[in-house]
Amino acid sequence: TSSEDITALERSASTTLFTPGRQTGIQFNGNSGMFTYALGIFEANEEVLESGSLIDLPDDDAESFAYVGRATFAPINDEGNVLHFGAGFIAADDNSQNFLLKDVYNFEAAGVVGPFHIQAEFFDGELAGQDVDAYYVQAGWVITGESRPYKKGAFKRIKPNSDNGAWELVARYNDGSGDFEQFDEVEAKYYLFGVNWYATNNVRIGANYTTIEEDATNNDADIFQMRIQYVYE
C-alpha cells in the first residue's frame with residue numbers, strides 16, 4: 001500500500017524494520033485475475049548495528065544483492081467486499097556478510113466488509129544473526145459509510161461520498177521486533193488509536209496516539225502525531 005494511502009499516519013514498527021528502504025535494482029511484476037506477483041533483484045546495502053540502529057557502511061568492491069518476491073490472492077474482490085491474502089520474501093546472497101537483515105518472510109491477510117476493514121501481517125527473519133519475528137493487527141471503521149478501495153493487490157485511501165468529507169477510526173496492535181520510534185530494533189508492544197478526516201479526494205487530516213511498552217527494560221513511551229496531507233493526482 002502506498003504511503004499516500006495507509007490508514008495510520010505511519011506504517012507499523014515491524015513493517016519499518018523488516019522492509020528495507022529504496023534500493024537500486026530491477027523488478028518484474030504483473031497481475032492475472034485474482035493474482036498479483038512481483039520478483040526482483042536489488043543491491044543490498046552493507047550495514048552494521050551501532051547503538052541500536054542500522055548504519056550503512058561505505059561502498060566496497062564486493063557486490064551483494066537481495067532477491068525479493070511477493071504474491072497476492074484475492075478470492076473475493078467486489079466493491080465494499082474484499083478478501084486478500086499475500087506472502088513475500090527477502091533473501092540476501094552469500095556476499096552480503098554485513099547485510100544484517102536477511103532471509104525475511106512475511107504473510108498477510110486483509111478484508112473489507114462495507115465500512116469496516118482489517119489487516120494483519122506476520123514477519124519472520126534474521127537480524128544481526130538473531131532470529132526475530134513480529135506481527136501486527138489493524139482495524140478501521142469509516143463511520144460515514146464509505147468502503148476502502150482495493151486494486152491489484154493494494155489498498156487505496158478513502159474517497160468521500162459527500163462534500164462534508166469522510167471520517168475514519170483506526171486501531172492497531174503491534175508485538176515483536178520493530179523500529180518503535182525512539183526504541184530502535186527492539187522487542188516491544190504498541191497500541192495505536194487514530195482518527196482521519198478525508199476532507200476531499202486529495203486532502204486528509206489525521207491524528208494518532210500511540211503507547212509503546214519496551215519488553216527488555218520496561219521503558220514506556222507515549223506519542224501523539226498529527227498530519228495534514230495533500231496528494232497530487
Item to check | side chain to side chain contact (heavy atoms under 4.5 Å, CB included) between Q138 and V170, intermediate numbers included | outcome: CA-CA 7 Å; Q138 176 181 291; V170 60; 3.9 Å; yes
Only distances under 3.5 Å count here; give the side-chain donor-acceptor pairs of residues 72-87 to other protein atoms, sequence neighbours excluded, each with its distance to 0.1 Å.
unit_1, atom_1, unit_2, atom_2, d
T72, OG1, T36, OG1, 2.5
H84, ND1, Y150, OH, 2.8
H84, NE2, E108, OE2, 2.8

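- Residue F116 is not grouped with residue I6 when hydrophobic side chains (ILVMFWY) are merged at heavy-atom distances under 4.5 angstrom, including chains of intermediate members.
- Among all heavy-atom pairs drawn from P160 and N201, the shortest one is CD-OD1, 3.4 Å.
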Next on the checklist: Let's go through T7 and H117 carefully: what are the C-alpha distance in whole Å and the side-chain angles of both, what is the deciding distance for side chain to side chain contact (heavy atoms under 4.5 Å, CB included) to 0.1 Å, and is it a yes or a no?
Outcome noted: CA-CA 10 Å; T7 303; H117 54 87; 3.6 Å; yes
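- Centroid-to-centroid, the aromatic rings of F18 and F123 come within less than 6.0 Å.
- Between atom OH of residue Y191 and atom OG1 of residue T211 there is a gap of 8.0 Å, rounded to the nearest 0.5 Å.
- Side-chain contact annotation: R148 with Q119, donor-acceptor N/O pair under 3.5 Å present.
- You'll find the side chain of I143 reaches within 4.5 Å of the side chain of L169, heavy atoms only.
- In this structure, V104 is a member of the same hydrophobic cluster as L17, with clusters built from ILVMFWY side-chain heavy atoms closer than 4.5 Å.
- Put simply, the side chain of E4 reaches to within 4.5 Å of the side chain of R157, judged on heavy atoms.
- Taking each heavy atom of E146 and G165 in turn, the nearest pair found is OE2-O, 4.4 Å.
- Taking CZ from R70 and CG from N29, the interatomic distance works out to 10.5 Å, rounded to the nearest 0.5 Å.
- Summarising the geometry, atom CD1 belonging to I158 is positioned 8.0 Å from atom OG1 belonging to T144; distances are rounded to the nearest 0.5 Å.
- In the displayed structure, K151 atom NZ is contacted under 6.0 Å by at most 12 heavy atoms of other residues, nucleotides or ligands.
- The side-chain hydrogen bond (donor to acceptor under 3.5 Å, both in side chains) test with S14 singles out one residue from D179, D175, N174, and that residue is N174.
- Taking 4.5 Å as the limit, some side-chain heavy atom of I41 sits within range of a side-chain heavy atom of I26.
- No chain of hydrophobic side-chain contacts below 4.5 Å, direct or via other Ile, Leu, Val, Met, Phe, Trp or Tyr residues, connects F193 to L9.
- Linking Ile, Leu, Val, Met, Phe, Trp and Tyr whenever their side-chain heavy atoms come within less than 4.5 Å puts F28 and F65 in one cluster.
- The shortest heavy-atom contact between G194 and N208 is CA-ND2, 3.5 Å.
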Checklist entry - Going through the distances and angles, do F155 and V112 end up as a side chain to side chain contact (heavy atoms under 4.5 Å, CB included)? => result CA-CA 10 Å; F155 287 91; V112 174; 3.6 Å; yes
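- From N106, atom CG reaches atom OG1 of T15 across 8.5 Å, with rounding to the nearest 0.5 Å.
- The ring pair (Phe, Tyr, Trp, His ring centres under 6.0 Å) analysis of residues 197-227, with sequence neighbours excluded, yields the pairs W167-W197.
- Side-chain polar atoms of R172 and Y190 form a donor-acceptor pair below 3.5 angstrom.
- The nearest pair of heavy atoms linking V68 to F42 is CG2-CE1, 3.6 Å.
- Shown here are the salt bridge (charged side-chain N to carboxylate O under 4.0 Å, His left out) partners of D215, two or more places apart in sequence or in another chain: K189.
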Next on the checklist: Does E121 form a salt bridge (Lys or Arg N to Asp or Glu O under 4.0 Å) with R11? I'd like the steps, not just the answer.
Outcome noted: CA-CA 12 Å; E121 192 164 8; R11 301 185 189 278; over 6 Å; no
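- Listed for the N202 side chain is a donor-acceptor partner under 3.5 Å among the backbone atoms of V231.
- Across all their heavy atoms, S3 and Q229 have their closest contact at O-OE1, 4.3 Å.
- Aromatic ring centres of Y37 and F35 lie farther apart than the 6.0 Å criterion allows.
- Note: N196 CG to E168 CD = 5.0 Å, rounded to the nearest 0.5 Å.
- A heavy-atom distance below 4.5 Å is not found between the side chains of S147 and V142.
- Between atom CG of residue D220 and atom CD of residue E213 there is a gap of 5.5 Å, rounded to the nearest 0.5 Å.
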Checklist entry - Where do Q225 and E10 land on the side chain to side chain contact (heavy atoms under 4.5 Å, CB included) test, with the steps shown first? => result CA-CA 10 Å; Q225 298 169 292; E10 304 289 349; 3.7 Å; yes
